[in-house]
Amino acid sequence: MTEATINRHFIQQIIDTDIERGKWGAPGDRSVVTTRFPPEPNGYLHIGHAKSVCLNAGLAKEYGGRFFLRFDDTNPAKEEQEFVDSICADVKWLGGVWDGEVRFASDYFDRMYTWAVELIRKGLAYVDEQAPDLIKQQRGNLTEPGAASPFRDRPAEESLAQFEKMKSGGFSDGGAVLRAKIDMASPNMNLRDPVMYRVVNKPHHRTGGRWHIYPMYDWAHGLEDSVEGITHSLCTLEFENHRPLYDWFIEAINKGRGPGSEWGERIHHAQQIEFSRFNLEYTTMSKRALKLLVEGGHVAGWDDPRMITVAGLRRRGYTAESVRHAVIEAGITKYNALTDFTKLENAVRDDLNRRAPRRMAVLDPVKLVITNWGEHGDPDRLEELPAINNPEDERAGTRPVKFGGELWIERDDFMIDPPKKFFRLGPGREVRLRCGYWVRCHDYTADADGRVTEIRCTYDPQTRGGDSPPPDSDGVVRKVKGTLHWVSAADCLDATVRLFDRLFNDPRPGKRTGDILDDLNPDSLTVLTGCKVERSLGGATPDEPAWADGIRRVQFERLGYFCLDRDSTPEALVFNRTVTLKDSWAKEQAKG
RNA sequence: GGGGGAUUGGUGUAAUUGGUAGCACGACAGAUUCUGAUUCUGUUAGUUCGAGUUCGAGUCUCGGAUCCCCUACCA
């Protein structure tokens, strides 16, 4: 028995009980479980949606049931085909496998309309022709009850006629609504005769000009679930107050239904269950805010690698596995939690550590010259040495890298006057060049500003491959200060590397001043040009793993995980830094 | 003087019918290491508060505190 089978989250516990008691079918039949992911096609998916996709698809998979992708396209004013396409792609990327065709709420508009007519005939709904402002005013507020509309008790026949008129374009936008007759004094505002249909004289991206009325979320959602036979309709916490309404609508339709009834058989009633949405430090899941970032030009687009959209994370280099792991590990509860940003980063480091091939790249290059290179052979020679592809995976093998008399190393890896804890290069110090040779610095040059221009070293031919030299006459083996990455000046490629930092400076952007833009991090993007990378990065090599999404990901040794951006060409390489490696030296420095 | 939901180490999340408060991440210390990475070991620190019931309360009762959501013809 594993931990995973012991610790069942509250939704799994509910489903377990349902199955045991046979709530949805024969007791013990797990295959009845049916879930759905119901996005509105009015924007890109973000990591919060990813949680819902993974939860719903994961439950269906776990129980051997079904999972549907259904677009809640009930508002033609805001929805577009572009978003339908991007959402399908993102769900797929996340590993969500939906059952059958993609579904659309708009496919059920006819049935919804018929049910609405039924409620009117039952005296449970009426057409209100008051102005929107007036209806709003009559609704009351949190502490005062609402007042009844003068249309509330009009004859069903009259409502029926006006509803037909609404449907056929007889009203202008806002001219009339269909309302459920519930309770204008309810402490739950959602029950104060909520609107079921409004007039919208706009073409719909799928039904065109066929409809002039469109159903509201509360009316539509439970019906969509009902049509599809959803058993567990999962949504976020803010819909808790809507559950009584969700249930009311289904019960209103079922009122008087049953065997032999004039209305027909009872319709399926899914169970709505609310869980907390995924909140992440230093970012926002607000669609409005994400849209503002894109449209205000604060980022390059919906798939800017700094965005927590699924498209952004993908372009940043995150794997679907790491995103899935992060959102599910955060937990399924009703507690409004704020997840550490480091959890997301940790998830991708974990995954990439196991899978990403190692490569060498120098982001801020400084020249290192080996002054005794010519003493042990042709001064222009390049020696080919094998470099380990992945210490976590022996099967990944090695790749050849070329070592020569002129190399690039990281500017950070050399100090003229290093402190004791600096385990890198400095005058008189010896370090290992990874999978290359050991080198000792005997000289350097600097410009007028004190900026190092060249580092001069000798190398020890006995350390070929980076191995330790033989012990001296006393049996003592020399030790190095540390190991540095490098690339050969004669055998490397230039590249552009984009470094990303968090988009916002505050763990809860906008909390302080109310304006999320006040917390924008002006330094969230750094573009480095003239970086030097080993030649193998020029094109995919056979030793690289086959990534499911086709995105090439590597670890630049000692620096972090990077992926090839879609802007990259063989002539102009562009890498995005997904995440740095953990860096205890940076931490040490920060301590001062 | 409205309604709904929530509260367990720094963060997130577990704990059969009331019975040893566990796990992960972080932080800190050490070991290993051809990546200051990885890996391994150890340390740190918690039941929102106050009463009550009980042999025994994170769990049950009562009262308080704090946080989130609700007044679209958005979803």
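All chains are named by letter (A, B, ...) in the order of the sequence lines, taking the proteins before the strands, and each is independently numbered beginning at 1.
Residue contacts shown for A:P215 are limited to sugar-phosphate atoms, with no base heavy atom under 4.0 Å away. At the heavy-atom level, A:S276 lies nowhere under 4.0 Å from the strands shown. At the heavy-atom level, A:K136 lies under 4.0 Å from the strands shown only through sugar-phosphate atoms. Using a 4.0 Å heavy-atom cutoff across all strands shown, A:E240 reaches sugar-phosphate atoms only and no base atom.
Checking A:Y113 against A:E164 by side-chain atom types alone, a donor-acceptor pair falls below 3.5 Å. There is a side-chain donor-acceptor pair under 3.5 Å between A:E82 and A:Y44. Counted by atom type alone, A:R577 and A:Y561 present zero donor-acceptor pairs between their side chains at under 3.5 Å. A donor-acceptor contact closer than 3.5 angstrom links the side chains of A:S233 and A:R36.
The distance from atom CG of A:D340 to atom P of B:G26 is 10 Å, rounded to the nearest whole Å. Atom NZ in A:K334 sits about 14 Å away from atom P in B:U13, given to the nearest Å.
For A:D583, the listed nucleotide lying nearest its side chain is B:G36; candidates were B:G36, B:U13, B:C74.
Stacking between A:W585 and B:G36 is shown: the ring centroid lies under 5.5 Å from the centre of the six-membered base ring, and the planes differ by under 30°.
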